[in-house]
Amino acid sequence: MLKAYKTEINPTEEQKVLINNTIGTCRFIYNFYIAHNKEVYEKEKKFVSGMDFSKWLNNDFIPSNPNYSWIKEVSSKSVKKSIMDAECAFKKFFKKQAKFPRFKKKGKSNVKMYFVKTDSKVIIPCERHRIKIPTLGWVQLKEKGYIPTNPDTHIIKSGTVSVRAGRYYVSVLVEQSDFQKVKRTSDGIGIDLGLKDFAVLSDGRTFKNINKTHVVRKLNKQIKRKQRSLSRKYEALKERNKNGEATRHNIQKNLLEVQKLHQRINNIHSDYINQCVAEVVKTKPQFVTIEDLNIKGMMKNRHLSKVIAEQNFYTFRERLTAKCNQLGIEVRVAGRFFPSSKMCHKCGAIKFNLRLKDRWYKCDCGYENDRDFNASLNLRDLEVYKLA
């Protein structure tokens, strides 16, 4: 099986320059491929594939334009991967699975440096504290011992290097043996996701909303102050004052501060989701039932859209499904229109007039319980479902 490992690295100044140059070149090639395709289509009404563009770029364009020879100074694998990514974006557009490919903007697009095994007989060596990346050499790892180092049981197939808020990360795809299936010892679990609490389980456990903690609230206040300061600097730059160059420099510093705060909040959310997933699977349930939430439709509520986006429901579902599949735990998905919150767990009656502010469920049969816990019980006992 294949498993991804992502961790932070500590490259040297020379390696940082090479990483930044490679990422910048990949972004340029991605945009160049999109622009070239649009130009060719307007003239000749045909689509240029990624392979044809790569041949034209290396054999015609660069030899006739020596001022673009810097494209050859970075990893050719990364350049080809950016071309293939752009071609994939076009194919999704043709299949009506996505919108027309957009240009990647510097500082706002998550472009990565790609590397891969150059030969089937050659391995990408990795030690406890460092990894050897093609074109970069040995790079120090900040989290020692996280990436598997035994080349006999764990083979690194490919990887990427990315930059986020001034910090550098490496993500590698490792081929390894399958995980040993756990012996499921407990009953099934129903999970009701919500806004008041992040998740309520049918076994009585509750995962609190991480956004209501003091640390996250404090970081959000800091982001508001930094963004107001950043907005004032942009307004000053528009006025073309005498200190224009100093303003641009301060904008970059302020922008990096905002990015670091956002990255810290993202790390807190990611770590909390991992903890929740670990808590769910450690009891070794027979199955786990979750809801098929219409996140896109829920985001249309302008009063709750920000809160819904911060909960990261989709990320939780993806990581829970992946972990359960590794351990052999069945993941059941309830239908999108299954009335888990409105249905009485005791008699099965549906309370159509249940409002969002009604946090305590009361049925005419005399049954009373917490609204979210009642929904988790209904999900646990669901008989019609589909497997994730």
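All figures in this text were calculated on a predicted structure; none of them were measured in a lab.
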* Asked: Taking atom CG of Asp364 as the centre, does the number of heavy atoms from other residues, nucleotides or ligands within less than 6.0 Å exceed 12?
  -> no
* **Flag side-chain contact, heavy atom, 4.5 Å: Val170 against Ile133** => yes
* **Donor + acceptor pair across side chains of Ser270, Asn267 (<3.5 Å)** => no
* Looking at Lys253 and Glu257, does any basic side-chain N land under 4.0 Å from a carboxylate oxygen? -> no
* **Residues forming a side chain to side chain contact (heavy atoms under 4.5 Å, CB included) with Leu327, sequence neighbours excluded** => Val182, Val281, Lys323, Ile329
* Would you say the side chains of Asn254 and Ser229 form a donor-acceptor pair under 3.5 Å? -> yes
* Within a radius of less than 6.0 Å around NZ of Lys260, do more than 12 heavy atoms belonging to other residues, nucleotides or ligands occur? -> no
* So, are Lys38 and Glu42 salt-bridged, with charged N and O less than 4.0 Å apart? -> no
* So, His345 versus Asn369: side-chain donor-acceptor pair below 3.5 Å or not? -> no
* Asked: Do the charged groups of Arg359 and Asp372 touch, with an N to O distance under 4.0 Å?
  -> yes
* Any side-chain donor near an acceptor of the partner, Asn211 and Gln311, under 3.5 Å -> yes
* Asked: By salt bridge (Lys or Arg N to Asp or Glu O under 4.0 Å), which residues pair with Arg355, not counting sequence neighbours?
  -> Asp358
* To do: In plain terms, say whether Arg317 and Asp292 are close enough for a salt bridge, that is, a side-chain N and a carboxylate O under 4.0 Å apart.
  => yes
* Trp70 ring center within less than 6.0 Å of Phe28 ring center -> yes
